[in-house]
Amino acid sequence: ILDFIESVIPAPRAELSPHAPRIHTVKIPVDKIGELIGPGGKNIRRITEISGAQIDIEEDGTVSIFASNGESMAIATREVESTIAEPEEGKIYEGTVTGIKEFGAFIEFAPGKEGMVHISKIAPHRIEHVEDVLTLGDKVRVVCLGKDRMGRLSFSIKDAQKSSGGRDRRRR
């Protein structure tokens with residue numbers, strides 16, 4: 001039997017077929033379970049809807065992802081990891097403008113996670129009104145500056161432009 005098997009396929013394939021069902025397990029901190037599930041299950045529902053994968057969460061932080069193909073698994077895994085990830089100072093994120101105030105703009109940089117860009121960190125020149133440069137729904141590149149005095153996440157658009165070679169990545 002083994003000789004016949006080797007005549008058909010001499011070694012296992014290096015890569016699983018993109019159409020093959022998959023199971024992936026991720027271990028997350030127990031205190032991040034609520035963040036992954038979201039208020040009323042909103043986050044986990046969103047992930048399963050966009051990926052088509054099934055996600056089971058155990059009380060010990062074990063997250064099992066069941067997907068019918070490779071693309072579905074990649075989407076679900078990326079979304080789970082981005083939902084529980086802690087923002088890193090100096091890292092550049094793609095975000096969406098979710099709120100505009102006179103002192104700056106709020107940017108959603110990961111599902112359910114927001115930070116603020118102060119008006120002085122929006123453009124390399126002085127601007128009078130945030131609305132002159134940004135509108136709700138704009139996609140922007142931001143760099144994480146860490147937490148401000150009150151413990152809130154702070155971001156900069158102008159510093160992200162410097163880091164990306166000065167190209168303005170804003171899209172409407």
Determine whether Thr135 and Val97 satisfy the following criterion, side-chain contact (heavy atoms from CB on, under 4.5 Å), listing intermediate values before the conclusion. CA-CA 7 Å; Thr135 57; Val97 177; over 6 Å; no

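- At a threshold of 4.5 Å between side-chain heavy atoms, the hydrophobic network of Ile, Leu, Val, Met, Phe, Trp and Tyr places Ile57 and Ile50 in two separate groups.
- When the side chains of ILVMFWY residues are joined at heavy-atom separations under 4.5 Å, either directly or via intervening members, Ile75 and Val80 end up in two distinct hydrophobic clusters.
- Listed here is the closest heavy atom pair of Ser156 and Leu145: CB-CD1, 3.7 Å.
- No side-chain heavy atom of Val63 sits under 4.5 Å from any side-chain heavy atom of Ile84.
- For Lys27 (side chain) and Asp60 (main-chain N/O), a donor-acceptor pair under 3.5 Å exists by modelled atom type.
- Interatomic distance, OG of Ser154 versus CD of Glu89, reported as 9.5 Å (0.5 Å rounding).
- In the hydrophobic clustering of this structure, Leu136 groups with Tyr93; members are Ile, Leu, Val, Met, Phe, Trp, Tyr whose side-chain heavy atoms approach within less than 4.5 Å, directly or through other members.
- Both Leu153 and Ile100 belong to a single network of hydrophobic side chains, linked directly or stepwise wherever heavy atoms of I, L, V, M, F, W or Y lie under 4.5 Å apart.
- Checked against Leu36 for a side-chain contact (heavy atoms from CB on, under 4.5 Å), the options Asn43, Ile47, Val26 give a single hit: Ile47.
- Among all heavy-atom pairs drawn from Pro87 and Cys144, the shortest one is CB-SG, 4.3 Å.
- Rounding to the nearest 0.5 Å places CD1 of Ile65 at 4.0 Å from OG1 of Thr77.
- Of the possible donor and acceptor atoms, one in the side chain of Arg45 sits under 3.5 Å from a partner among the backbone N and O of Gly40.
- Val142 and Ile127 fall within the same hydrophobic cluster, defined by Ile, Leu, Val, Met, Phe, Trp and Tyr side-chain heavy atoms under 4.5 Å apart, directly or through other members.
- Scanning all heavy atoms of the two residues, the minimum distance from Ala53 to Ala76 falls at CB-CB, 3.8 Å.
- When the shell of 6.0 Å around CD of Glu71 is examined, it contains 12 or fewer heavy atoms from other residues, nucleotides or ligands.
- In this structure, Glu131 CD and Lys101 NZ are separated by 10.5 Å, a value rounded to the nearest 0.5 Å.
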For residues 104-123, run the donor-acceptor check on the side chains, cut-off 3.5 Å, and write out each pair with its distance to 0.1 Å, sequence neighbours left out.
| unit_1 | atom_1 | unit_2 | atom_2 | d |
| --- | --- | --- | --- | --- |
| Glu108 | OE2 | Gly112 | N | 2.9 |
| Lys113 | NZ | Glu35 | OE2 | 3.0 |
| Lys113 | NZ | Thr83 | O | 3.1 |
| Lys113 | NZ | Ala85 | O | 2.3 |
| Glu114 | OE2 | Thr98 | OG1 | 2.4 |
| His118 | ND1 | Ser120 | N | 3.1 |
| His118 | ND1 | Ser120 | OG | 2.9 |

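- Of the possible polar contacts, none joining the Thr25 side chain to the Ser64 backbone as a donor-acceptor pair under 3.5 Å is found.
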Worksheet entry | Candidate pair Arg141 and Lys139, rule side-chain contact (heavy atoms from CB on, under 4.5 Å), full reasoning | CA-CA 7 Å; Arg141 289 174 54 97; Lys139 303 283 186 201; over 6 Å; no

